[in-house]
Amino acid sequence: MSHDVFISYSKENKAVADATCAALEAQGVRCWIAPRDVLPGTDFSESIVNAIADCKLMVLVFSAAAIESKYIRQEV
């Protein structure tokens, strides 16, 4: 299944990211969000890189924690 949107967030903002994902999916937008969409047995980092490449858009849950995250900088 392909996804429309990759959701990038800091672990401190997981609740906001999950709510964002739920709201988008309620409107029919297919979202990719970790860890939900990382398939068992696959490399976590590789799954994220592939998801970013495959999605049409990225939604960043922007916060002070996101600014400090080296992983989010890499995703963006």
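Here, residue 1 is the first one in the sequence, and each next residue gets the next number.
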Cut-off 3.5 Å, no hydrogens considered: what does the side-chain donor-acceptor table look like for residues 52-65, sequence neighbours left out?
| unit_1 | atom_1 | unit_2 | atom_2 | d |
| --- | --- | --- | --- | --- |
| Ser63 | OG | Asn13 | OD1 | 2.5 |
| Ser63 | OG | Ala65 | N | 3.3 |
| Ser63 | OG | Ala66 | N | 3.1 |

Evaluate side chain to side chain contact (heavy atoms under 4.5 Å, CB included) for Glu75 paired with Ile48, printing each intermediate quantity in order.
-> CA-CA 8 Å; Glu75 291 171 5; Ile48 289 175; 3.8 Å; yes
Donor-acceptor pairs under 3.5 Å, side chain of residues 67-74 to any protein atom, not counting sequence neighbours: which ones?
| unit_1 | atom_1 | unit_2 | atom_2 | d |
| --- | --- | --- | --- | --- |
| Ser69 | OG | Tyr71 | N | 3.3 |
| Ser69 | OG | Ile72 | N | 3.2 |
| Arg73 | NH1 | Ile67 | O | 3.1 |

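- For the salt bridge (charged side-chain N to carboxylate O under 4.0 Å, His left out) condition, the pairs that include at least one residue of residues 11-23, sequence neighbours left out, are Lys14-Asp18.
- When all heavy atoms of Val5 and Val29 are compared, the closest pair comes out as CG2-CG1, 3.6 Å.
- Every pair passing side chain to side chain donor-acceptor pair (under 3.5 Å) that includes a residue from residues 34-53 is listed here, sequence neighbours excluded: Glu25-Arg36, Thr42-Ser47.
- Atoms CD1 and OG1, on Ile33 and Thr20 in that order, are 7.5 Å from each other to the nearest 0.5 Å.
- If you chain together ILVMFWY residues whose side-chain heavy atoms come under 4.5 Å of each other, Leu39 ends up in a group of its own.
- By the 30° and 60° cut-offs, the orientation of the rings of His3 relative to Trp32 is perpendicular.
- Using a 4.5 Å heavy-atom cutoff, the side chains of Pro35 and Phe44 are in contact.
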